[in-house]
Amino acid sequence: MQPFSTFGWRRARHGRDTLMLPLPQNGARRVCENWHDRFAETPDVLKSAQNPRTRVRVLDFEVGGDEFITMAGPCSVETEFQLMATANHVRRAGARILRGGAFKPRSSPYAFQGLGLEGLKMLAHAREESGLAIVTEVMSENDVSLVAEYADILQIGSRNMENYSLLEAAAHSGRPVLLKRGMVATVADLLRSAQCVLDHGNSQVILCERGIRTFETAMRNTFDAAAIALLKQISHLPVIADPSHAAGHREFVPALARIAVAAGADGLLVEVHPNPEKAWSDGEQTLDFAAFDGMMADLEPYLALRGLMQQEAARNWREPVESCSMEAVG
Ligand code: PEP
Ligand code: MN
């Protein structure tokens, strides 16, 4: 069999199946220069010759490195049993980070607001038992030092993306910051908030696309996969996707996760619960254990294909297709 066809496709072997790979197009250099001009007001978050890629170190692994990182767990920390069962399950299925809110920003002031310190203690216990790292939201600058004592990554939620005093306090904590895109924030707004964290001396920032509000109301939000591709092209920071808050309905979470992989995301943030029907928050968008296992298994061929394409691009042009020429943007 010819490895390359005359139509710009090639055949590659992955496991027992034959995959058809489109050959990457070499147009990134010119495009990249334009995008850099467009986002020139946030220079430190843009790729440069000196800084092509930030790898955020967490425990003994990296977000933004070669491994696709899954962060999974309940929307809210509820009970010791719920958290431990979830931690053990998602670890076995390949997750590296346990998510769970102890301080919950809720759309309704009457909804469950989180267990606070008690929840943080449960998260710390789950880390001890499972070896997973912990990501949890911090909502107020007054809580940053407390949350930073228990968490490996501080999550800044959508509703707080432009809370600059919180961003500053989170930056000073020294912990990596997972910055979620605001519901009505543009990519430029997201990059401005990331720049703010970097300006305060913390370069360990992970960007998160979690869906935005548009005129389309069929799903909870509109998943902006283009933003992932764009952020991966222009920024050195890791980019992850949250298909749970984007979809708002659990049946669409695996499809959005596959789209995130194809768009180049470095990882996922997914809501998982032993019994989503009984979850204290966001149950409709939360996967049960079987659905999480199914999603993880389904992602494997997509990740393998992406890896093959990146290797191919590196062989042909000595750079991954997603990244741009550093001479052009430096
Ligand atoms: C969450 O991760 O549970 C959450 C509240 O997310 P967002 O800020 O994206 O709404
Ligand atoms: Mn949630």
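This one's a predicted model, so the numbers in the text were calculated from it and none came from an experiment. Whatever order the structure lists ligands and atoms in, that order sets their numbers, starting from 1.
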Please examine the side chains of [Y] and [X], heavy atoms only from C-beta on, and report whether any two atoms are closer than 4.5 Å.
X	Y	value
I228	F223	yes
D152	P176	no
H200	L167	no

Quick one: look up the protein heavy atom nearest [atom] and list residue, atom name and how far away it is.
atom	result
atom 4 (C) of ligand 1	H245 NE2, 3.4 Å
atom 6 (O) of ligand 1	K180 NZ, 2.9 Å
atom 9 (O) of ligand 1	R210 NE, 2.7 Å

Hey, what's the ring geometry for H89 with F289, parallel, tilted or perpendicular (30° and 60° as the breaks)?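 H89 vs F289 ring planes: parallel.
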Using side-chain hydrogen bond (donor to acceptor under 3.5 Å, both in side chains) as the criterion, point out the one residue from K278, R250, E78 that pairs with H273. E78
Taking the basic N atoms (NZ, or NE/NH1/NH2) and the acidic carboxylate oxygens, is any pair closer than 4.0 Å for [X] and [Y]?
X	Y	result
K232	D266	yes
R96	E67	yes
D282	K104	no
K121	E118	no

Can you name the atoms of ligand 1, numbered from 1 with element, that are less than 4.0 Å from a heavy atom of G157?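 Once the distances to G157 are compared, the set is 8 (O).
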Pull out every atom of ligand 1 sitting under 4.0 Å from any heavy atom of E271, numbered as shown with elements.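 Matching atoms, with element in brackets: 3 (O).
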Check D282 and report its N/O/S atom nearest to the Mn ion (ligand 2), by atom name. OD2
Shortest-distance N, O or S atom of E271 relative to the Mn ion (ligand 2): OE2
Distance-only N or O hit between ligand 1 and D242, under 3.5 Å: no
Counting both backbone and side chain atoms, is some N or O of D282 under 3.5 Å from an N or O of ligand 1?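 N/O-N/O distance below 3.5 Å does not exist for this pair.
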Heavy-atom contact under 4.0 Å between R181 and ligand 1? no
Residue part near ligand 1, for M183, under 4.0 Å between non-hydrogen atoms: neither
Which residue from S158, C75, A246, S244 reaches closest to atom 8 (O) of ligand 1 through any of its heavy atoms? S158
How wide is the angle at the Mn ion (ligand 2) between NE2 of H245 and SG of C75, to the nearest 10°?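 That angle works out to 170° after rounding to 10°.
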